[in-house]
Structure formats: structure tokens, C-alpha cells
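What follows is one structure encoded as C-alpha cells, with my remarks underneath.
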Amino acid sequence: MGDLLKEEDLDHWRKTHNSSEISPAIGDREVVIMGWVSSVRDHGNIQFIILKDMAGETQVTAKKSEVGEQLFAMIKEVKEHSSICVKGKVRPQEKAPNGVEVVPTEIRAFSIAQKAAPFMTQGKTSPVGIDTRLDLRAVDLRRNYLGSVFRIRQTVLNSIREFLSRQQFMEVSTPKMIATATEGGAALFPIFYYDREAFLAQSPQLYKEQLTMAFENVFEIGPIFRAEPSRTNRHLSEATSIDVERAFADYNDVMSLLERMIVNIVDSIKERNKADLQFLEISIPALELPFPKYTYSDLIDKLQEAGERIQWGDDISPQALKSLSDERMNGFYFIVDWPASAKPFYVKPSSADPKISESFDLMFGPLEMSSGSTRINRKDQLVERMQKQGLKPESFDYHLRVFDYGMPPHAGFGMGLERLLMALVKIENIRDATFYPRDIDRLAP
Ligand code: AMO
């Protein structure tokens with residue numbers, strides 16, 4: 001016993017069906033399915049294997065009396081997580097996934113699991129800590145829970161691309177190795193660029209602004225890099241940003257675009273991810289437009305009334321926001337008109353009151369999803385703002401020079417994809433909203 005099942009190559013073997021395509025309609029033909037074993041159940045003279053593939057799962061049922069001694073003995077050796085191929089016949093089975101089971105006529109092992117995984121793949125929660133899971137992330141990603149999370153992520157991305165393309169936005173790609181910082185507060189990752197120092201991009205900010213000169217409406221979905229010094233459940237060192245920039249528009253226009261984009265995303269998830277939402281036991285409430293808006297100044301007053309020690313000009317922390325008991329702040333809402341001093345140099349100060357800026361943060365409860373603003377489109381004003389923030393305009397020569405050639409008024413925003421997933425799917429730790437998280441402690445896998 002124990003060595004009937006041997007590892008073999010793929011050779012000419014190919015799948016005939018994905019698990020979602022296995023149905024009684026297939027009739028008497030033999031099917032070939034491939035995947036990994038998510039569970040095995042041994043009932044003496046009957047053996048069940050749940051085979052998972054990208055589309056779902058199929059129950060393989062082997063009765064000793066039906067499949068013969070030799071094949072039955074091989075099936076008994078199948079271990080969880082192994083990568084296998086099963087050839088067999090389909091028949092209805094009420095209790096099995098999709099109402100069918102496959103009765104094997106042949107089995108082939110490609111790669112036999114050598115160890116038991118330190119966690120189960122079925123449940124929604126895992127009893128082991130996130131670090132144990134992340135150390136073996138490719139196996140962790142076989143968990144049903146993360147399957148649902150990342151299928152929803154794909155809907156989010158598709159829905160954003162569809163929505164923005166319909167609104168005549170062009171998808172662009174901008175350099176990730178750059179010469180200067182754009183987001184004052186966030187720390188940079190320095191890199192060697194031949195014989196010079198360069199940085200990983202914290203944001204496509206200046207490039208997306210420049211691209212409005214030629215294309216008016218642009219968006220980019222790509223990585224942003226930030227040397228976040230702290231360990232929190234909402235910061236990554238490498239995140240995915242959805243960056244949008246629109247010419248001939250101000251911050252009110254792009255707030256309206258952003259909230260419509262979110263509604264579109266939610267509608268798409270409800271339509272395309274019914275099974276995932278059911279498995280995750282999540283019902284995303286209907287969203288009403290427009291999202292509530294609070295001015296920064298009003299919130300500071302409210303926070304002071306609630307006893308928070310906060311001054312006009314300070315950042316508003318998630319902890320502070322939790323002290324407010326406003327139901328409308330449980331979902332999506334905007335905080336608008338931030339102090340100009342709290343925002344990066346490219347953000348346009350309000351003409352009526354230069355202390356405040358034409359800027360916003362989109363929040364979900366206490367969590368920041370996105371920030372955006374009307375941008376400065378005049379060179380002299382941009383140089384002045386750089387100087388005020390202690391930046392050297394000479395370092396931005398490559399950027400400032402294009403302002404001599406007709407920069408349109410423009411506005412835009414950047415939204416963190418992982419933050420949005422946290423909000424929509426109720427993920428506690430941002431690390432589970434990305435495939436291979438990077439943080440201060442983790443550079444592998
Ligand atoms: P900001 O710095 O606010 O703005 O970033 C925009 C959004 O990106 C997400 N985000 C992060 N997500 C995970 N981990 C991080 N370390 C991290 N840092 C940022 C957040 C945040 O709201 N250039 C401007 C955007 C613009 O004005 O267009 C910018 O980068 O969801």
C-alpha cells in the first residue's frame with residue numbers, strides 16, 4: 001500500500017471541461033477534469049474526492065464495486081492539495097456540487113502533496129495567524145474565502161475599465177521609476193537608476209496631469225510604492241491605485257464621476273458575484289447619490305464638540321472619526337475643502353479663501369478610500385506653491401516646462417483598490433485584499 005499512485009507528466013492529457021461545465025447533459029461521454037484536491041473523504045468501500053479548479057469544484061465518487069480494486073486502491077492514496085487529473089463518467093447526484101458527480105475510470109497524479117497544509121481551505125475564517133498564511137500564500141490563495149475576494153476584485157477592475165471607457169477615458173501607463181516625489185507626506189523608496197538616485201513612484205500624479213494636455217480624460221490602474229513606516233491594517237508598501245484625471249473639470253465634477261463609478265462597481269458585483277456574496281454572507285446595501293459631503297471645517301467643529309483634541313489644520317484620524325455618531329458616516333461620504341497646507345503642492349487653493357483648497361477625500365466609515373482635487377494649471381502659481389512647501393522648483397523642471405504650452409484646467413483623484421475591496425467585502429486586514437502584500441516586515445514571498 002502507498003505507492004500505486006505515481007507522479008506523471010501532462011503529456012497529451014488535456015481538460016475536456018471545467019468543473020462548472022460538468023452537467024448531466026454531457027450524457028455518456030467521458031470527461032477529463034484537472035485541478036487540485038480540496039478534500040478527501042474515506043468511507044471504507046466508497047471514497048469521495050472534491051476536485052477544485054478555477055471554475056469551482058467537482059465531486060469524484062469512487063465505489064470499490066464500481067471502479068474495480070486497482071483504481072480504488074490508487075484513489076485511496078490521493079492526498080489533499082495534490083494536483084491531479086480524473087477521467088470518468090458524469091452522473092446526477094443531488095448532494096454533490098452542481099448536482100453531479102464523476103465516476104472515475106482513470107486517475108493521474110501530476111504532483112502529489114508532500115505535506116498537509118497548516119490551514120483549511122473551506123471556511124470563511126482561518127484559525128491560523130495571517131503570517132503563517134502569507135508565508136505559504138499560493139496555498140492560502142486556494143482558500144474559498146480568498147477565491148471570492150479576488151473574483152470580486154476582478155469585477156471591480158473590469159467594471160472600472162468599462163465605466164471609464166464609456167465616459168471616453170483613455171487608459172494610460174506612466175513610469176514607475178521616477179526622479180521626484182509628489183506626495184509630500186509619504187516616504188519614498190530610493191533605487192539605483194544607472195549612476196543616479198531615483199525613486200519608485202508614489203503616485204502617477206504629475207504624469208496623469210500632463211497627459212490631460214493631449215488626451216483630456218485619462219486613467220491608470222497600477223502600483224504605487226510608499227515606504228510606510230508603521231504596521232497598520234490599512235497600509236501597504238506597494239498598493240494598487242486607480243488614478244483618474246479629467247480636463248476641463250473641477251473637483252465637484254470628479255467627485256460626481258467617482259461616486260457614479262462606485263455605484264457602477266457595486267451594481268456589477270451584485271450582478272456578477274452572486275455566489276461569492278452569498279458565500280461571504282455579505283449584502284452590499286443600495287447606495288444613494290449623491291454621497292453625503294462634510295466640509296473639513298464642519299467636521300473639526302463636530303470633533304471638538306465631541307471632545308476630541310484636534311485643531312483646524314490637523315489631519316483627521318480614523319480614531320477621531322469613530323468618536324462621531326453620525327449614521328451617514330458609516331458608508332461612503334466625502335470630506336471636502338481641506339486646508340491648503342494639508343494637501344500636496346499641485347492641489348488648487350480656493351479662489352474665495354486661499355487657506356482652504358478645492359480638495360476632497362472619499363471615506364467609507366473611518367477609512368480613506370480616495371483623495372482628489374482641482375489642480376493648479378498655471379505655472380507661476382504652481383512654482384509659488386512648491387516654494388511654500390519647501391520644494392525646489394528646479395527639481396520639477398521636467399514637469400513645469402510643459403505648463404508653457406497650454407495646460408487645461410483639470411481635476412482628478414486616486415483611489416486605493418485594496419482599500420475599496422476592504423470596504424466592499426469587509427476585509428479587516430488590507431493584506432488579504434492583495435495577492436502578495438508588501439509591508440515593512442515582508443518582502444517575500
Ligand atoms: P493619496 O496619497 O491620498 O493621494 O492616495 C490615494 C489613495 O491611495 C490609497 N493609498 C494606499 N493604500 C494602501 N496602502 C498605502 N500605503 C496607501 N497610500 C495611499 C488610499 C488613498 O486614498 N496623487 C493623489 C491622488 C490624486 O489627487 O489624484 C494621491 O496619491 O486609498
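Ligands are counted one by one from 1 in listed order, and the atoms in each one are counted from 1 as well. All figures in this text were calculated on a predicted structure; none of them were measured in a lab.
Contact analysis puts M369 in contact with ligand 1, with a non-hydrogen atom separation below 4.0 angstrom. Heavy atoms of V244 stay at 4.0 angstrom or farther from ligand 1. Contact annotation: S241 has no heavy atom less than 4.0 Å from any atom of ligand 1.
When only interatomic distances are considered, the shortest N/O to N/O separation between S371 and ligand 1 falls below 3.5 Å. In terms of polar-atom proximity, defined here as any N/O pair under 3.5 Å, I430 makes no such contact with ligand 1. Between L236 and ligand 1, a contact under 3.5 Å exists for at least one N or O pair.
Under the 6.0 Å cut-off for aromatic ring centres, F360 and F334 qualify, their centroids lying closer than that.
Neither the backbone nor the side chain of K343 comes within contact range of ligand 1; no heavy atom lies under 4.0 Å. When non-hydrogen atoms are compared, ligand 1 lies under 4.0 Å from neither the backbone nor the side chain of Y251.
For atom 30 (O) of ligand 1, the nearest non-hydrogen atom from the set R226, M415, Q205, Q202 comes from R226. Atom 17 (C) of ligand 1 has its nearest heavy-atom neighbour, among K208, E228, E209, in E228.
Atoms of ligand 1 found under 4.0 Å from any heavy atom of S370, numbered from 1 in the order shown, are 22 (O). The R234 neighbourhood of ligand 1 comprises atoms 13 (C), 14 (N), with distances under 4.0 Å to a heavy atom of that residue. The distance from ligand 1 to the heavy atoms of F413 drops below 4.0 Å at these ligand atoms: 26 (C), 28 (O). Remark: ligand 1 atoms within the under-4.0 Å shell around heavy atoms of G372 are 27 (O). Near H235, with a cut-off below 4.0 Å to any heavy atom, the atoms of ligand 1 are 14 (N), 16 (N). Atoms of ligand 1 lying under 4.0 Å from at least one heavy atom of E368, given by number and element, are 3 (O), 21 (C), 22 (O), 31 (O). Remark: ligand 1 atoms within the under-4.0 Å shell around heavy atoms of S203 are 23 (N), 30 (O).
A salt bridge is defined here as a Lys NZ or Arg NE, NH1 or NH2 lying under 4.0 Å from an Asp or Glu carboxylate O, and D397 with K392 fails to meet this definition. A salt bridge is absent between K302 and D298; no separation between the charged side-chain nitrogens and carboxylate oxygens falls under 4.0 Å. Between K176 and E220 there is a salt bridge, with a side-chain nitrogen of the basic residue lying less than 4.0 Å from a carboxylate oxygen of the acidic one. Using a 4.0 Å cut-off between charged nitrogen and carboxylate oxygen, R442 and D131 count as a salt-bridge pair. Ion pair D439/R231 not flagged as a salt bridge, since none of the NZ, NE, NH1 or NH2 atoms sits closer than 4.0 Å to an Asp/Glu carboxylate oxygen.
Between T374 and D250, the side chains place no donor N or O within less than 3.5 Å of an acceptor N or O (distance only, hydrogens not considered).
Among K343, K355, E358, R385, the single residue meeting the side-chain contact (heavy atoms from CB on, under 4.5 Å) criterion with P349 is R385.
Here CD1 of I84 is found 7.5 Å from CD1 of I33. Values are rounded to the nearest 0.5 Å. A distance of 14.0 Å separates CG of D301 from OH of Y294, quoted to the nearest 0.5 Å.
Aromatic ring pairs are classed by plane angle as parallel below 30°, tilted from 30° to 60° and perpendicular above 60°; the pair F150 and F435 is parallel.
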